[in-house]
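First the structure, in the form of structure tokens, and then the observations on it.
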Protein chains: 2
Amino acid sequence: MENQNISDIIESYLKQILAESQQVEIRRAEIANQFNVVPSQINYVIKTRFTIQDGYVVQSKRGGGGYIRIEKVKLLDNLDFIDSLVTAVGDQISRHDSLAVVRSLFEAGAINRSEANIILAAINKDAINTGDRQADEQIRAQILISILNHLRYES
Amino acid sequence: MENQNISDIIESYLKQILAESQQVEIRRAEIANQFNVVPSQINYVIKTRFTIQDGYVVQSKRGGGGYIRIEKVKLLDNLDFIDSLVTAVGDQISRHDSLAVVRSLFEAGAINRSEANIILAAINKDAINTGDRQADEQIRAQILISILNHLRYES
DNA sequence: ATAATATTAGTCAACATTAGTCAAGAACAC
DNA sequence: GTGTTCTTGACTAATGTTGACTAATATTAT
């Protein structure tokens with residue numbers, strides 16, 4: 001709990017702001033300086049922790065007055081939302097990204113906590129582990145899509 | 001008592017912390033160093049002494065700020081039932097037999113209807129279809145066992 | 001207007017820092 | 001002696017950090 005890396009700390013900082021506001025707008029160099037990291041680390045944090053699967057949309061502008069804006073996504077109606085997740089899953093999906101998909105479903109209210117936990121159990125590395133990573137990612141994608149399709153007509 | 005091997009000693013150390021706390025979070029290299037063993041021995045201790053059957057759930061993260069976290073969980077009173085299903089599933093299981101396992105869970109009240117449907121979506125033939133039937137049966141078995149293990153405890 | 005310069009953010013690959021896996025051999029129990 | 005458990009280390013994988021280089025946009029000079 002204590003020895004958090006700096007990326008986690010920056011993530012928390014931003015999410016704390018987002019807890020009270022729909023969006024946060026930063027100047028990359030300023031935040032990098034504030035946390036004493038190189039500017040590109042801010043990109044790393046955003047790329048790994050503020051993806052669309054996580055429910056965030058990021059916009060930015062370069063040049064004078066440039067910024068990075070992170071916005072919490074409003075949930076679309078369920079069908080479009082599930083479509084977008086099916087697209088996000090694609091033919092194969094990493095474990096990391098699949099966690100974000102399940103989290104999105106939960107936060108959207110499409111599934112409850114115990115359903116989410118069952119799905120996580122179905123796609124974790126004890127469950128899917130053929131020894132071939134690409135094969136695993138494909139199987140994981142198929143399972144998620146099968147579940148998403150089920151949720152589409154169940155909900 | 002006298003001839004405790006080092007794995008037992010590390011186990012005791014961790015369980016002593018867990019006696020007073022719901023979870024313990026360690027840095028693998030640090031504990032390995034403290035007990036003067038190679039880091040992978042920590043994995044051995046965890047794998048042999050902190051299993052779900054023992055009532056522990058383990059999570060970890062690699063990279064900077066990485067950790068291993070062991071959490072005590074409340075086991076439910078359906079353990080024998082789950083054990084019997086795990087045995088029934090074995091290393092591989094047909095689709096037909098897997099349906100019976102899910103039905104048993106439902107009829108026993110371990111899962112509700114929508115949870116059952118999600119599990120069925122995860123193991124149906126759209127979800128698991130590598131083209132190799134035996135491989136499919138093995139994957140299906142692993143998924144079911146992972147879910148069964150999840151159903152052992154309160155989360 | 002156009003060109004030059006300044007000011008931002010983005011990408012990518014190298015390197016660093018953790019944990020995981022696996023198999024060989026040692027130690028132990030019977 | 002045989003089978004199981006423990007110990008070890010080489011190799012692998014995941015995640016985080018850094019900096020050189022690139023790209024976009026704004027501002028200033030001509």
Side-chain angles (χ1 to χ4, degrees), chain A residues 1-14 24-51 54 57-71 92-100 124-137 140, chain B residues 1-14 24-51 54 57-70 142:
Chain A
M1 280 314 212
E2 303 315 315
N3 270 328
Q4 273 191 317
N5 59 56
I6 190 69
S7 290
D8 285 342
I9 293 170
I10 295 169
E11 174 192 5
S12 301
Y13 170 78
L14 295 172
V24 56
E25 187 172 306
I26 62 173
R27 290 198 20 247
R28 185 179 77 153
E30 200 172 84
I31 298 296
N33 191 57
Q34 182 176 332
F35 289 97
N36 205 35
V37 299
V38 296
S40 60
Q41 180 137 16
I42 307 306
N43 297 88
Y44 175 75
V45 170
I46 287 172
K47 195 172 164 191
T48 54
R49 291 149 163 90
F50 293 90
T51 68
D54 294 313
V57 165
V58 178
Q59 295 167 299
S60 64
K61 200 172 87 167
R62 309 186 195 187
Y67 58 81
I68 301 176
R69 183 185 318 149
I70 305 172
E71 191 182 353
Q92 57 191 112
I93 186 169
S94 70
R95 239 166 51 72
H96 179 271
D97 287 349
S98 65
L99 296 191
N124 75 18
K125 72 168 189 295
D126 294 327
I128 302 177
N129 187 3
T130 63
D132 172 345
R133 174 153 58 141
Q134 189 171 11
D136 287 352
E137 295 203 346
R140 193 181 294 114
Chain B
M1 259 344 191
E2 306 313 314
N3 275 335
Q4 268 193 322
N5 58 51
I6 190 68
S7 289
D8 287 340
I9 293 170
I10 295 168
E11 174 191 5
S12 302
Y13 170 77
L14 294 172
V24 57
E25 187 172 307
I26 63 172
R27 288 174 167 284
R28 186 180 76 154
E30 204 171 81
I31 299 295
N33 191 57
Q34 183 175 331
F35 289 97
N36 207 35
V37 298
V38 296
S40 60
Q41 180 135 15
I42 308 306
N43 298 87
Y44 175 74
V45 171
I46 287 172
K47 196 172 163 191
T48 55
R49 292 149 162 91
F50 293 88
T51 68
D54 297 317
V57 168
V58 179
Q59 294 170 298
S60 64
K61 197 168 98 167
R62 309 186 196 186
Y67 57 80
I68 301 177
R69 180 162 47 219
I70 306 172
Q142 287 177 306

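The figures that follow rest on heavy atoms only: side chains count, while hydrogens, waters and symmetry mates do not. In what follows, chains are A, B, ... by sequence order, proteins preceding strands, each numbered from 1.
- Not a single donor-acceptor contact under 3.5 angstrom links the side-chain atoms of B/Arg62 to the base of D/dA14.
- D/dT17 atom C1' lies 14 Å from atom CZ of A/Arg28, rounded to whole Å.
- Nearer the 5' end of DNA chain C, as judged by each residue's closest nucleotide, is the contact made by B/Gly63, out of B/Ser40 and B/Gly63.
- At whole-Å resolution of the value, CD in A/Gln41 and P in C/dA13 are 18 Å apart.
- Distances were taken from every side-chain heavy atom of A/Arg27 (C-beta onward) to each of C/dA9, C/dG20, D/dC6; the shortest belongs to C/dA9.
- Nearest-nucleotide assignment on DNA chain D puts the 5′-proximal partner with B/Val45, out of A/Gly64 and B/Val45.
- As a whole-Å value, the separation of A/Asn36 CG from D/dT18 C1' is 12 Å.
- Computed from coordinates, the B/Ile26 CD1 to C/dA19 P distance equals 8 Å when rounded to whole Å.
- B/Thr51 and B/Asp54 are linked by a side-chain donor-acceptor pair at a separation below 3.5 angstrom, with hydrogens and angles left out of the test.
- At a cut-off of 3.5 Å, with distance as the only test, no side-chain donor of A/Glu137 or A/Ser94 sits close to an acceptor on the other residue.
- The separation between B/Ile68 atom CD1 and C/dA19 atom P is 6 Å, rounded to whole Å.
- Atom CZ of A/Arg49 sits about 12.0 Å away from atom CD1 of A/Ile70, to the nearest 0.5 Å.
- Using a 4.0 Å heavy-atom distance criterion, A/Arg49 is classed as a sugar-phosphate-only contact.
- Side-chain atoms of B/Ser60 lie closest to C/dG20 of the nucleotides D/dG19, D/dT15, C/dG20.
- If you take CD1 of B/Ile6 and P of C/dC28, they are 13 Å apart, rounded to a whole angstrom.
- For A/Val38, the listed nucleotide lying nearest its side chain is D/dT18; candidates were D/dC6, D/dT18, D/dG9.
- Interatomic distance, B/Tyr67 OH to B/Arg28 CZ, rounded to the nearest 0.5 Å: 15.0 Å.
- The phosphate of D/dA26 has OP1 or OP2 within less than 4.0 Å of a side-chain N or O from A/Lys61.
- Separating the OH atom of A/Tyr44 from the C1' atom of D/dA14 is a distance of 9 Å, rounded to the nearest angstrom.
- An OP1 or OP2 oxygen of D/dT5 is reached within less than 4.0 angstrom by no side-chain nitrogen or oxygen of B/Ser7.
- For the pair B/Ile26/B/Leu14, a side-chain contact is recorded, criterion being any heavy-atom separation below 4.5 Å from C-beta on.
- Residue A/Lys47 places none of its side-chain N or O atoms closer than 4.0 Å to OP1 or OP2 of C/dT11.
- The side chain of A/Arg133 has D/dA14 as its nearest neighbour among C/dT11, D/dT17, D/dA14.
- The CG-P distance, from A/Asn33 to C/dA9, rounds to 12 Å in whole Å.
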